[in-house]
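Read through the structure below, which is laid out as structure tokens, and then see the notes.
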Amino acid sequence: MLPGRAPGLHLSDEGRKQAKDVVSNLAGVEKIDLIFSSPMERAQETAAPLAENRQIQVELDDRLLECDFGTFTGRRLDELSKLADWKIIQGAPSRYTFPEGEGFISMSNRMIDFMSWCHAFHNGKTIVAFSHADPIKALMAHCLGIHLDNFQRVIISTCGISAIAIGDASNYALYVNSTTTPNLKVS
């Protein structure tokens, strides 16, 4: 199923376990200054154990929202994959906007905007942000210099840790989909 922004979706037992694992996976990060989350329930539930452990209030940010899949939200992937649109979604997502929803370019741009805002207003701080697979993949693709049409090549696992260390606006160190504490230094 393509959950998108459907309300009322919560973590499973396995998801709650994975959210708790984030705490131990980030144990080596000495100081976390800020925690942001998508307003979706499942993202907030994933952020909660780390926020509690570090005694930091989670700040919600709409730029971290899942892609708005519009009328595709809640539909089965095996059904959607038979649509002519699916070839565009998979092969040329930069050209696609979901019916009554959002385009991949818009999704990517808001994630880039979030990262740029963090760099401009919280430079030097360690920020943890909880988002969703497609927005994270789009941001990682941007940082890697991969065209948005190829962002599906970036794999993001549930509760995987992807880190971006920013030296300046174009100097990144990336750790994609790690389950261990990333080294947040830019060389």
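- A heavy-atom distance below 4.5 Å is found between the side chains of Arg42 and Glu66.
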**Prompt:** Could you go step by step and tell me if Lys17 and Asp13 meet the salt bridge (charged side-chain N to carboxylate O under 4.0 Å, His left out) rule?
**Reply:** CA-CA 6 Å; Lys17 180 194 172 307; Asp13 290 341; over 6 Å; no
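- The shortest side-chain heavy-atom distance between Ile32 and Leu50 falls under the 4.5 Å cut-off.
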**Request:** Starting from the C-alpha separation in whole Å, work towards a yes-or-no answer on side chain to side chain contact (heavy atoms under 4.5 Å, CB included) for Val58 and Ile56.
**Result:** CA-CA 6 Å; Val58 176; Ile56 299 173; over 6 Å; no
**Asked** Would Lys87 and Asp85 count as a salt bridge (charged side-chain N to carboxylate O under 4.0 Å, His left out) if you check the C-alpha gap in whole Å, the side-chain angles of each, and the deciding distance to 0.1 Å?
**Response** CA-CA 5 Å; Lys87 288 184 180 173; Asp85 285 9; over 6 Å; no
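- Within the structure, side-chain hydrogen bond (donor to acceptor under 3.5 Å, both in side chains) pairs that include any residue of residues 44-58 comprise His10-Glu45 (at least two apart or interchain).
- Here the closest heavy-atom approach between residue Pro93 and residue Ile89 is recorded as CB-O, 3.4 Å.
- Atom SG of Cys159 sits about 9.0 Å away from atom CG of Asn25, to the nearest 0.5 Å.
- Residue Leu9 is found in a hydrophobic cluster whose other members, listed by chain and number, are Met1; membership requires side-chain heavy atoms under 4.5 Å apart, directly or through intermediates.
- Not counting sequence neighbours, the partners of Arg75 by the side chain to side chain donor-acceptor pair (under 3.5 Å) test are Glu79.
- Following chains of ILVMFWY side-chain contacts shorter than 4.5 Å, one can reach Ile112 starting from Ile146, so the two form part of one hydrophobic cluster.
- Between Leu11 and Glu41, every side-chain heavy-atom pair lies at or beyond the 4.5 Å cut-off.
- A donor-acceptor contact shorter than 3.5 Å links the side chain of Ser12 to the backbone of Gly15.
- We find the CG-CD distance between Leu64 and Glu59 to be 11.0 Å, quoted to the nearest 0.5 Å.
- For the ring-ring contact (aromatic ring centres under 6.0 Å, His included) condition, the pairs that include at least one residue of residues 19-65, sequence neighbours left out, are Phe36-Phe114, Phe36-Trp117.
- Note that the CG atom of Leu144 and the CG atom of Asn150 stand 11.5 Å from one another [nearest 0.5 Å].
- Summarising the geometry, atom CG belonging to Asp61 is positioned 14.0 Å from atom CD1 belonging to Ile35; distances are rounded to the nearest 0.5 Å.
- Heavy atoms only, all atoms of each residue included: Ala138 and Leu148 are closest at CB-CD1, 4.0 Å.
- With rounding to the nearest 0.5 angstrom, the CD1 atom of Ile161 is 4.0 Å from the CG atom of Leu26.
- Two different hydrophobic clusters hold Leu65 and Phe104 under the rule that ILVMFWY side chains link at heavy-atom gaps under 4.5 Å.
- Across every non-hydrogen atom of Asp62 and Pro39, the tightest pair is OD1-CG, 3.1 Å.
- Among residue pairs with one or both ends in residues 98-113, those qualifying as side-chain hydrogen bond (donor to acceptor under 3.5 Å, both in side chains) are Arg5-Glu102, Arg63-Asp113, Glu102-Ser106, Glu102-Arg110; sequence neighbours excluded.
- One hydrophobic cluster, built from ILVMFWY side chains closer than 4.5 Å, cannot hold both Met111 and Ile105; they sit in different ones.
- Judged purely by atom type and a 3.5 angstrom limit, His132 has no side-chain atom pairing as donor or acceptor with the backbone of Asp134.
- The structure places OG1 of Thr126 at 12.5 Å from NE2 of His122, a figure rounded to the nearest 0.5 Å.
- Using modelled atom types, one side-chain atom of Ser38 and one backbone atom of Met40 make a donor-acceptor pair closer than 3.5 Å.
- Cluster membership for Val154 and Leu139, using ILVMFWY side-chain heavy atoms within less than 4.5 angstrom, is shared.
- Shortest non-hydrogen contact noted between Pro135 and Met107 is N-SD, 3.7 Å.
- You'll find the side chain of Leu77 reaches within 4.5 Å of the side chain of Leu2, heavy atoms only.
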**Request:** Before giving the answer on side chain to side chain contact (heavy atoms under 4.5 Å, CB included), spell out for Lys137 and Arg153 the whole-Å C-alpha distance, their side-chain angles and the decisive distance to 0.1 Å.
**Result:** CA-CA 8 Å; Lys137 291 190 309 187; Arg153 295 178 182 179; over 6 Å; no
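- Applying the ring-ring contact (aromatic ring centres under 6.0 Å, His included) test to pairs two or more places apart or on separate chains, those with a residue in residues 38-76 are Phe69-Phe98, Phe72-Phe98.
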**Message:** Checking Lys125 against Cys118 for the side chain to side chain contact (heavy atoms under 4.5 Å, CB included) test, could you report, in this order, the C-alpha distance in whole Å, the side-chain angles of both residues, the deciding distance, and whether it holds?
**Reply:** CA-CA 9 Å; Lys125 293 184 177 177; Cys118 287; over 6 Å; no
